[in-house]
Amino acid sequence: MTGQLPDQAHEAHRRVVRDSLGVAVATGLYGASFGAVSVASGLDVAQTCALSLLMFTGASQFALVGVLGSGGPAVTGALTAALLGTRNTLYGLRLAPLLAWRGARRLAAAHLVIDESTAMSITRPTRALARTGFLTTGLGVFVLWNLFTLLGAVGGSVMGDPRTYGLDAAVGGAFLALLWPRLQDTQSRRLALAAAAVALLVVPLVPSGLPVLLAGSVALLAGVLDGRRTPA
């Protein structure tokens with residue numbers, strides 16, 4: 001009986017590592033799409049790689065290059081990316097007491113707070129498994145995302161003008177592919193449709209880039225109001 005407990009703990013650890021690596025590979029490969037889309041939007045290979053290294057949050061990265069690619073100002077692109085990145089702050093509030101790291105380790109871990117690393121850690125029954133899920137997923141995605149960003153950016157730059165191949169529409173398509181798996185309930189789908197409607201309505205009225213920012217503001221406001229209505 002006493003020998004079974006270490007075996008069970010070891011098996012649980014292996015299961016978390018296996019699941020986390022699966023998520024890391026699936027997500028990291030998608031970095032190639034970002035690399036290609038980024039150079040198609042006008043950024044060079046170095047700028048594209050710097051975004052993946054320093055920003056490291058896919059939705060914000062796609063939003064930024066999407067605004068730049070559509071001719072919007074850099075400030076609008078940065079604000080849109082920051083707006084989408086606010087959810088990572090909320091993740092951090094949940095993860096900090098769960099992972100219980102301090103000092104430099106907490107600071108380093110903050111850079112790995114993304115959708116996938118959060119999802120693979122908050123559901124674990126113990127702190128040790130939560131840390132394993134967080135680190136395996138976060139580091140795995142970080143390494144693969146940056147590697148495939150470089151490959152995608154180099155490949156995209158070799159292809160030349162993306163409009164020749166119709167790839168100028170790739171930003172919207174890639175962003176939609178990133179968003180779609182997260183729309184798992186009716187409320188999320190309604191919110192996404194409302195935000196899309198707002199963006200379409202204001203396209204003829206405001207400068208390029210602002211429709212995305214306004215749509216994101218609507219989604220954020222709806223989320224805040226919904227949180228206030230939800231009983232504690």
Side-chain angles (χ1 to χ4, degrees), residues 5-6 8-35 38 43-65 74-75 77-153 178 182 216 220 223-224 227:
L5 292 178
Q8 291 176 351
H10 184 64
E11 175 58 28
H13 178 81
R14 286 201 307 173
R15 189 162 53 246
V16 171
V17 171
R18 184 184 62 234
D19 294 346
S20 298
L21 287 177
V23 171
V25 170
T27 307
L29 292 175
Y30 203 65
S33 299
F34 171 71
S38 181
L43 276 68
D44 61 28
V45 174
Q47 291 169 332
T48 296
C49 291
L51 270 181
S52 281
L53 279 169
L54 302 176
M55 184 178 286
F56 186 51
T57 173
S60 295
Q61 292 178 228
F62 275 112
L64 175 58
V65 299
V75 172
L79 288 175
T80 304
L83 183 64
L84 290 172
T86 53
R87 74 189 189 287
N88 290 11
T89 303
L90 301 178
Y91 294 161
L93 294 175
R94 174 68 180 86
L95 288 171
L98 175 65
L99 301 177
W101 281 316
R102 296 287 184 271
R105 285 195 297 178
R106 174 179 287 193
L107 185 62
H111 197 55
L112 301 178
V113 175
I114 54 177
D115 297 344
E116 291 79 8
S117 61
T118 302
M120 295 303 289
S121 58
I122 61 174
T123 56
R124 305 303 172 188
T126 67
R127 176 166 294 159
L129 292 177
R131 286 179 170 180
T132 299
F134 178 84
L135 286 176
T136 306
T137 307
L139 289 173
V141 173
F142 183 80
V143 172
L144 293 174
W145 178 267
N146 280 281
L147 174 62
F148 281 93
T149 292
L150 173 61
L151 295 176
L178 194 68
R182 291 165 171 77
L220 182 61
V224 171

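Bear in mind the structure is a predicted one, so any value in this text is a computation, not a measurement.
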If we only count heavy atoms from C-beta on, is the [X] to [Y] side-chain gap below 4.5 Å?
X      : Y      : value
Met55  : Leu64  : yes
Thr27  : Leu144 : no
Arg124 : Val16  : yes

When rounded to the nearest 0.5 angstrom, what is the spacing between [atom1] in [X] and [atom2] in [Y]?
X      : Y      : atom1 : atom2 : answer
Leu147 : Trp145 : CG    : CH2   : 12.5 Å
Leu129 : Phe134 : CG    : CZ    : 15.0 Å
Thr89  : Leu93  : OG1   : CG    : 7.0 Å
Tyr30  : Phe62  : OH    : CZ    : 4.5 Å
Arg105 : Leu135 : CZ    : CG    : 9.5 Å

Okay, side chain of [X], backbone of [Y]: is any donor-acceptor separation there less than 3.5 Å?
X      : Y      : result
Asn88  : Val113 : yes
Arg94  : Leu90  : no
Arg131 : Ala100 : yes
Ser117 : Leu112 : yes
Arg106 : Leu99  : no
Gln61  : Thr57  : yes

What pair of heavy atoms forms the shortest contact from [X] to [Y], and how long is it?
X      : Y      : value
Ser52  : Thr149 : OG-OG1, 2.9 Å
Ser121 : Leu98  : O-CD2, 3.7 Å
Thr137 : Ala24  : O-CB, 4.1 Å
Ile122 : Leu95  : CG2-CD2, 3.7 Å
Leu54  : His111 : O-CE1, 3.0 Å

Open item on the list: Could you check whether Phe56 and Phe142 have their ring centres less than 6.0 Å apart?
Closed with: yes
Open item on the list: With a sphere of 6.0 Å drawn around NE2 of His13, does it hold more than 12 non-hydrogen atoms of other residues, nucleotides or ligands?
Closed with: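 Count not over threshold, so no.
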TODO: Verify the distance criterion only: is there a donor paired with an acceptor across the side chains of Thr136 and Ser20 at less than 3.5 Å?
DONE: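 Per modelled atom types, Thr136 and Ser20 side chains form no pair under 3.5 Å.
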- [ ] Show your working on side chain to side chain contact (heavy atoms under 4.5 Å, CB included) between Phe34 and Thr48 and close with a plain yes or no.
- [x] CA-CA 8 Å; Phe34 171 71; Thr48 296; 3.8 Å; yes
